[in-house]
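Below is one structure, written out as structure tokens; the observations come after it.
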Amino acid sequence: MQRTTDKGNIDADAIRRDFPIFSGRKLVYLDSAATSQKPKHVIEAMKSYYERTNANVHRGVYKLSEEATQAYEDAHRKVAQFIGADSWDQIIFTRNATEAINLVAYSWGLANVRKGDEILVTRMEHHSNLVPWQFVAKRTGAKLKFIEIDKDGNLELDKLDKLITNKTKLVAVTHVSNVLGTINDIEKITKIAHQKGARVLVDAAQSVPHMPVRVGDADFVVFSGHKMCGPTGIGVLYAKRELLEKMEPFLYGGDMISKVTYEGAEWNALPWKFEAGTPNIAGGVGMGAAIDYLQSIGMDNVRAHEIELTEYAIQKLSKIKEVTIYGNPKERGGVVSFNVSGVHAHDLASVLDDDKVCVRAGHHCAQPLLTKLRIGACARASFYIYSTREDVDALVASIERVKKVFGV
Ligand code: C6P
């Protein structure tokens with residue numbers, strides 16, 4: 001089916017028809033940064049897996065188990081190809097981006113960070129890329145330092161050279177802020193970090209689903225399947241081979257071993273060393289189908305569509321004088337956070353919900369950032385391949401109704 005127009009633009013109306021959730025009802029879904037909707041291709045791939053291929057992986061010598069194993073391994077291959085990883089065995093399936101960061105924190109962080117070392121994060125991190133590093137810093141006696149943001153929500157990278165010292169062991173940075181939408185210059189950060197001998201972890205939870213992303217020279221890259229048309233319960237850790245080979249496992253048990261005696265055990269080859277127990281096989285199959293689906297559209301087209309819609313939304317929202325938009329970054333993902341003066345974000349979101357407009361409201365799991373912005377909460381509209389200008393118009397119309405309801 002054609003999902004782009006003759007000019008190469010995304011045909012969001014055609015794409016919407018791939019998503020059963022939109023069928024036969026009004027649904028203005030503007031919360032794709034929290035989780036994306038799922039196309040029938042993904043739902044059917046998982047259904048078909050359970051109906052036709054289900055067996056445990058790496059255990060049976062019978063054909064069905066071999067087929068399940070193949071499907072699960074193929075999913076790793078698709079992910080590797082999608083993000084430009086050298087090899088599929090550098091792709092570790094986790095539950096989500098959060099678990100992938102915790103894997104790095106426990107397996108690499110606790111073994112490599114020492115008292116007096118430094119871990120550098122940014123002021124715009126999601127809790128998932130902040131709290132694990134607070135934990136590692138506390139446990140090891142290392143110092144947590146921050147890359148500041150300017151008034152527009154850009155990272156202050158001109159000071160990075162000084163901020164990263166020879167004590168810095170890790171720079172953990174989000175590729176795209178889930179609140180401000182800022183797209184950070186990962187290449188520049190990675191280059192400076194490596195010059196100083198620090199490792200780089202990229203939280204790509206808000207970038208891999210929305211734009212072409214290559215792992216490049218980053219040491220660790222994490223993201224979640226559920227934000228990119230895939231199922232919940234499957235996430236990805238990519239890491240450089242030399243790191244994965246040196247790291248101790250995160251979880252211990254079945255499938256992650258090559259040999260076990262009563263006294264001890266040896267570890268399995270990559271990536272299984274880090275995938276203990278029966279994995280989320282159907283989730284892997286769904287993730288593979290999600291990648292096929294996104295590639296059928298083309299990630300450049302996904303990005304172009306979101307740029308267009310985000311600009312349209314900002315232009316429309318800026319015309320409402322009671323609306324404050326947070327962040328004006330040089331480059332922005334498909335995320336617009338805002339408040340309507342005199343209305344709490346939760347009240348705003350519940351009135352929008354009456355109009356079937358779904359936005360997230362609250363601190364967006366980035367509470368320190370919101371505190372820095374001197375707000376307790378805000379609303380956030382976020383876009384994806386199935387989002388349309390009509391969705392933005394519905395949001396704007398509903399905000400006008402909010403103003404009437406609250407008399408602002
Ligand atoms: N942000 C949002 O509404 P998980 O929950 O592990 O799949 O993803 C965590 C995560 C990590 N980093 C960034 C930048 C994120 O945006 C998220 C998830 C969602 O903004 C849910 S809290």
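Because the structure is predicted, anything quoted here is derived from the model rather than measured. All ligand and atom numbering here is 1-based and tracks the order in the structure.
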Quiz item: Do you see a donor-acceptor pair shorter than 3.5 Å between the side chains of Thr190 and Glu187?
Solution: no
Quiz item: With the threshold set at 4.0 Å, does a side-chain nitrogen-carboxylate oxygen contact exist between Asp89 and Arg241?
Solution: yes
Exercise. Please check if any side-chain donor atom of Asp292 sits under 3.5 Å from a side-chain acceptor atom of His41, or the reverse.
Key: no
Quiz item: Looking at atom 2 (C) of ligand 1, what's its closest protein heavy atom, distance included?
Solution: Arg360 NH1, 3.0 Å
Practice problem: May I ask you to identify the nearest protein heavy atom to atom 16 (O) of ligand 1, giving residue, atom name and distance to one decimal place in Å? | Solution: Gln206 NE2, 2.7 Å
Practice problem: Report the part of Thr98 in contact with ligand 1, treating N, CA, C, O as backbone and CB onward as side chain, heavy atoms under 4.0 Å; options are side chain, backbone, both, neither. | Solution: both
Quiz item: Numbering the atoms of ligand 1 from 1, which are under 4.0 Å from a heavy atom of Asn178?
Solution: 2 (C), 16 (O), 20 (O)
Quiz item: Of the listed options (Lys227, His363, Glu125, His226), which comes nearest to atom 18 (C) of ligand 1 when hydrogens are ignored and any heavy atom counts?
Solution: Lys227
Practice problem: Kindly confirm or rule out an N or O of Ser128 lying under 3.5 angstrom from an N or O of ligand 1. | Solution: no
Practice problem: Can you figure out which of His126, Arg380, His364 has its heavy atom closest to atom 20 (O) of ligand 1? | Solution: Arg380
Quiz item: Can you list the atoms of ligand 1 that are under 4.0 Å from a heavy atom of Cys365?
Solution: 22 (S)
Quiz prompt | Test: Glu148 and Lys159 ion pair at under 4.0 Å | solution = no
Quiz item: Which residue holds the protein heavy atom closest to atom 12 (N) of ligand 1, what is that atom called, and what is the gap in Å?
Solution: Asp203 OD2, 2.5 Å
Quiz item: Yes or no on salt bridge (charged side-chain N to carboxylate O under 4.0 Å, His left out) for Arg332 and Glu311, after CA distance, side-chain angles and deciding distance?
Solution: CA-CA 9 Å; Arg332 186 195 274 269; Glu311 277 171 6; over 6 Å; no
Quiz item: Are Arg360 and Ser382 close enough that a side-chain donor and a side-chain acceptor fall under 3.5 Å?
Solution: no
Quiz item: Should you measure from each heavy atom of Thr174, which atoms of ligand 1 turn up under 4.0 Å away?
Solution: 14 (C)
Self-check item: Among Tyr386, Tyr29, Tyr384, ring pair (Phe, Tyr, Trp, His ring centres under 6.0 Å) partner for Phe19
Solution: Tyr386
Quiz prompt | Ala34: numbered ligand 1 atoms lying under 4.0 Å from its heavy atoms | solution = 2 (C), 3 (O), 19 (C)
Quiz item: For ligand 1, which part of Ala33 has a heavy atom less than 4.0 Å away: the side chain, the backbone, both, or neither?
Solution: backbone
Quiz item: Near Ser224, which atoms of ligand 1 are under 4.0 Å from a heavy atom of that residue?
Solution: 4 (P), 6 (O), 7 (O), 8 (O)
Quiz item: Looking at Glu400 and Lys403, does any basic side-chain N land under 4.0 Å from a carboxylate oxygen?
Solution: yes
Quiz item: Is it true that Lys26 and Asp355 make a salt bridge, defined as a side-chain N closer than 4.0 Å to a carboxylate O?
Solution: no
Quiz item: With a 4.0 Å cut-off on heavy atoms, does Asn129 reach ligand 1?
Solution: no
